[in-house]
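Within every chain, numbering begins at 1; the chains are lettered A, B, ... in the order of the sequence lines, protein sequences first and strands thereafter.
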2 protein chains.
Amino acid sequence: MSATRLPGTPRLLRALNDRAALELLLERGPLTRARLGELTGLSKVTASQLVERLEERGLVARVGEQAGGRGPNAQLYAVRPGSAYVVGVDVGAERVMAACADITGAVVSQVEQSTRDTDDPVGVVHTAVVQAASRAGAQLDSVRRVVLGTPGLVDPATGDITFAFNLPRWHRGLLAALREDLHTPVVFENDVNLAAVAEAQSGAAQGVADFVLVWVGAGVGLAIMLGGRLHHGSSGAAGEIGYLPVPGVPIPRDVSRRAKPAFQQLAGADAVRAVAREHGIDAPDAADAVRAAIAAGTTGGPLLDELARRLALGVASTCVVLDPPLVVLAGEVGQAGGVALAERVQHEVAAITLVRPRVVPTGLTEEPILRGALRTALDAVRDEVFGSTVG
Amino acid sequence: MSATRLPGTPRLLRALNDRAALELLLERGPLTRARLGELTGLSKVTASQLVERLEERGLVARVGEQAGGRGPNAQLYAVRPGSAYVVGVDVGAERVMAACADITGAVVSQVEQSTRDTDDPVGVVHTAVVQAASRAGAQLDSVRRVVLGTPGLVDPATGDITFAFNLPRWHRGLLAALREDLHTPVVFENDVNLAAVAEAQSGAAQGVADFVLVWVGAGVGLAIMLGGRLHHGSSGAAGEIGYLPVPGVPIPRDVSRRAKPAFQQLAGADAVRAVAREHGIDAPDAADAVRAAIAAGTTGGPLLDELARRLALGVASTCVVLDPPLVVLAGEVGQAGGVALAERVQHEVAAITLVRPRVVPTGLTEEPILRGALRTALDAVRDEVFGSTVG
DNA sequence: CGCGATTCGTTAGCAGAGTTTACGAAAACC
DNA sequence: GGTTTTCGTAAACTCTGCTAACGAATCGCG
């Protein structure tokens with residue numbers, strides 16, 4: 001009956017300081033013992049002992065000397081890349097992209113495979129993961145975590161995928177197969193959420209702790225970043241804004257797999273193509289239609305206006321609830337729309353609500369979901385590897 | 001250019017442990033030194049030293065003995081109530097309610113005053129605060145914080161109130177007057193947010209870290225609690241769901257002070273009264289109308305159904321975005337609707353979205369805003385008073 | 001009623017983390 | 001080549017917490 005909190009023993013201190021030092025080494029590249037002391041706030045000698053400990057644990061290594069200074073050349077230390085690896089995977093409907101990164105975050109290998117011409121998608125994903133690891137020169141047992149990005153909801157209780165309409169149902173088999181071979185934690189994460197993670201790391205939301213990312217592609221989705229962490233919701237369904245009840249579309253009652261959700265019906269790729277046709281732009285692909293409208297200059301304006309008006313309904317709803325400082329438009333359509341679309345959405349949102357979020361297009365072009373998967377895996381693995389002093 | 005993190009010195013340990021001990025003393029009442037050791041995870045002797053320190057700092061005092069055990073009677077210690085006080089105020093349009101609590105959270109005094117028959121509302125609030133303090137037997141300089149709950153948005157940058165349509169504009173004067181006399185931090189907080197804080201502490205959301213509270217009164221509002229903390233949004237406008245673009249109401253463009261926001265027009269008290277009249281219930285007050293419908297039994301069903309249908313649009317929008325496990329209905333109308341209304345809203349939300357939040361009526365009857373203000377003030381003051389070992 | 005069993009609180013000695021002071025050695029400056 | 005500066009390491013001390021031991025108080029039981 002005693003909830004016994006964590007004590008607060010001296011070893012906790014060491015764990016905290018070690019962790020802070022490692023984080024600094026990752027962020028600011030190789031450092032000398034003295035500089036590390038300054039940055040952590042610790043004394044020179046303590047920092048020195050600390051580095052020695054980390055070196056013994058195999059987490060840190062000498063990587064050179066810093067010449068040019070006044071005194072003797074200072075030794076430079078950095079996090080040892082080989083101490084752990086992670087694999088991220090973007091599991092799309094038609095292709096699989098896997099990449100392997102070492103614990104410093106450097107992407108060491110990348111593998112792409114098509115799932116179109118096979119009847120064993122599990123096998124494809126599986127070999128992609130194994131190939132990514134081996135091409136990176138990483139032993140399989142030094143891969144500490146695999147993160148798979150897919151559409152659909154991740155049940156926070158079980159970690160399984162639910163409601164992945166547009167993907168085959170082999171996720172469960174995939175999870176089992178990978179875990180069996182790799183003896184490693186394997187987790188799913190929603191693809192839009194991963195895109196947001198990537199956006200925060202190196203896209204349009206760098207250094208912004210709170211923002212939302214609106215994904216406009218085949219479906220519409222939303223990722224919510226609060227305090228630098230993803231908000232998943234109690235059933236993993238936070239951000240499924242396809243189901244927003246918006247004006248202009250009948251609200252389907254008795255939500256089923258058949259019924260088309262309201263906002264998605266208004267702003268999904270199908271709707272974009274339809275609106276484009278009405279405006280005289282006929283393209284096989286929604287993103288192409290948007291690009292065509294932008295290329296058309298003034299002529300394309302009305303289509304973009306209409307698109308922005310529709311998107312703004314969903315964006316306004318989320319912004320009225322959350323009041324984020326920043327909204328990132330991503331996904332095929334969001335990216336294609338670029339600044340032209342983002343500006344229009346920003347203007348439109350300001351017209352119908354009190355909040356005034358900045359709306360910008362994604363700042364990422366290459367594999368946002370994959371990058372997000374790697375980053376997510378890294379965060380978890382660093383907690384494990386770097387925090388092991390506590391255990 | 002060195003961002004110098006907090007060091008991680010031994011004194012940090014002491015601060016952490018002291019803080020944990022104080023928190024335990026507040027939560028679980030008077031404790032013996034030995035029990036405190038168990039609960040914190042510290043050794044018996046360390047816990048003993050710790051208590052001695054806290055006693056010297058005046059934060060803790062002996063309050064009795066625990067007889068009946070095997071060995072000698074153990075001394076019981078508790079947080080000293082008199083070491084600091086806070087004042088909370090519910091600033092309504094027609095009356096002001098102030099209360100004073102000691103640092104243990106015990107409410108020591110409560111004062112109510114009308115602002116209807118005066119032309120100096122600032123003075124009324126001011127004297128209410130001073131009276132609450134003096135009736136509590138608290139010196140003015142031991143009141144460490146005053147929290148004022150009012151409608152409107154609180155600008156997170158300045159702390160000032162904006163957009164308080166239904167309240168006079170003397171907030172700024174109030175802030176200045178109170179600060180001048182009391183030499184104490186005085187802060188505003190949105191009334192709906194405070195109601196949510198109270199709900200989390202002792203209402204329908206006890207022990208629930210994530211939930212939203214929907215306020216249905218003259219206006220409609222929303223408070224968002226995530227991880228046990230309020231989410232305010234970048235401009236303090238998070239949860240202003242009156243502005244949700246919902247189906248069934250024209251969306252006013254060029255939002256101005258005149259234009260009635262969409263969702264509010266659909267579900268605010270005015271709308272409730274209007275709907276009630278259509279259903280043959282004519283009451284001067286929206287809450288009365290709802291109560292009449294419930295009292296009418298089956299006859300009142302259709303009105304409640306319609307009300308639930310309207311509310312569900314707003315609730316669904318927020319739940320689609322946030323996916324909270326729990327929605328609390330509060331405010332005059334929400335409270336009047338009770339379980340009958342909550343159940344209907346829950347059912348309706350489930351019909352139009354994928355998420356399945358539990359919807360319940362408020363569990364508080366007495367002064368939720370005032371209680372929330374006190375709790376908010378307490379949290380801040382405890383950080384200051386208990387955390388002062390660090391400084 | 002007295003003895004043993006328990007538990008409270010304290011004292012003594014020790015271990016882990018970090019700090020200040022001091023110092024030898026290496027590199028650069030003049 | 002001397003001076004100056006800086007690196008890395010000792011040595012001695014402080015602060016926090018831990019284990020072990022112990023006197024004293026209280027209850028249970030014979």
Got a list of side-chain donor-acceptor pairs under 3.5 Å for residues 179-188 of chain B, not counting sequence neighbours?
unit_1	atom_1	unit_2	atom_2	d
Arg179(B)	NH2	Val186(B)	O	2.8
Asp181(B)	OD2	His126(B)	NE2	3.0
His183(B)	NE2	Glu180(B)	O	3.4
Thr184(B)	OG1	Val143(B)	O	2.8
Thr184(B)	OG1	Leu182(B)	O	3.0

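In this structure, the CG atom of Leu31(B) is 13 Å from the P atom of dC8(C), given to the nearest Å. The interatomic distance linking Leu16(A) (CG) with dG18(C) (C1') rounds to 14 Å, in whole Å. dC15(D) atom P lies 15 Å from atom CG of Asp18(B), rounded to whole Å. Rounding to whole angstrom units, OH of residue Tyr77(A) and P of dC7(D) are separated by 13 Å. Between Glu38(B) atom CD and dC8(C) atom C1' there is a gap of 13 Å when expressed in whole angstrom units. Computed from coordinates, the Glu55(B) CD to dT10(C) P distance equals 10 Å when rounded to whole Å. Glu52(B) places its CD atom 12 Å from the C1' atom of dT11(C), with the value rounded to the nearest Å. When rounded to the nearest whole Å, the span between CG of Leu13(B) and P of dT14(D) equals 19 Å.
The 5' end of DNA chain D is approached more closely, in terms of each residue's nearest nucleotide, by Asn73(A) than by the other of Asn73(A) and Glu65(B). Along DNA chain C, the nucleotide closest to Gly69(A) and the one closest to Lys44(A) are compared, and the more 5′ of them pairs with Lys44(A). Comparing Gly71(A) and Val45(A) by the nucleotide of DNA chain D whose heavy atom lies nearest to each, the residue mapping closer to the 5' end is Gly71(A).
In terms of modelled atom types and a separation under 3.5 Å, the side chain of Gln66(B) and the main chain of Thr32(B) share no donor-acceptor contact. A donor-acceptor pair under 3.5 Å is formed between the side chain of Ser109(A) and the backbone N or O of Ala132(A). No side-chain donor-acceptor contact under 3.5 Å links Arg62(A) to the backbone of Gln75(A).
Between Thr9(B) and dG18(C), a side-chain N or O to OP1/OP2 separation shorter than 4.0 Å is absent. A sub-4.0 Å separation between OP1 or OP2 of dG16(C) and a side-chain N or O of Arg11(A) is absent.
Comparing dC8(C), dT6(D), dT16(D) by their closest approach to the side chain of Pro72(B) singles out dC8(C). In this structure, the nucleotide among dC18(D), dA27(C), dC29(C) sitting nearest to the side chain of Leu42(B) is dC18(D). Side-chain proximity of Arg70(A) to the nucleotides dC18(D), dA28(C), dT16(D) is greatest for dA28(C). For Ser43(B), the listed nucleotide lying nearest its side chain is dC18(D); candidates were dA17(C), dC18(D), dC8(C). Checking dG17(D), dG18(C), dT9(D) against the side-chain heavy atoms of Thr46(B) singles out dG17(D) as nearest. Between dC8(C), dG18(C), dG17(D), one nucleotide has an atom nearer to the side chain of Arg53(B) than all others, and that is dG17(D). The listed nucleotides are dA25(C), dG9(C), dT16(D); the one nearest the side chain of Ala74(B) is dG9(C). Of all nucleotides listed (dG8(D), dT10(C), dG17(D)), dT10(C) comes nearest to the side chain of Arg33(B).
Salt bridge present: Glu384(B) and Arg145(B) bring a charged side-chain N and a carboxylate O closer than 4.0 Å. Salt bridge annotation for Arg80(A)-Asp102(A): absent, with no cationic side-chain nitrogen under 4.0 angstrom from a carboxylate oxygen.
The residue Gln49(B) sits apart from the nucleic acid: no heavy atom pair falls under 4.0 Å.
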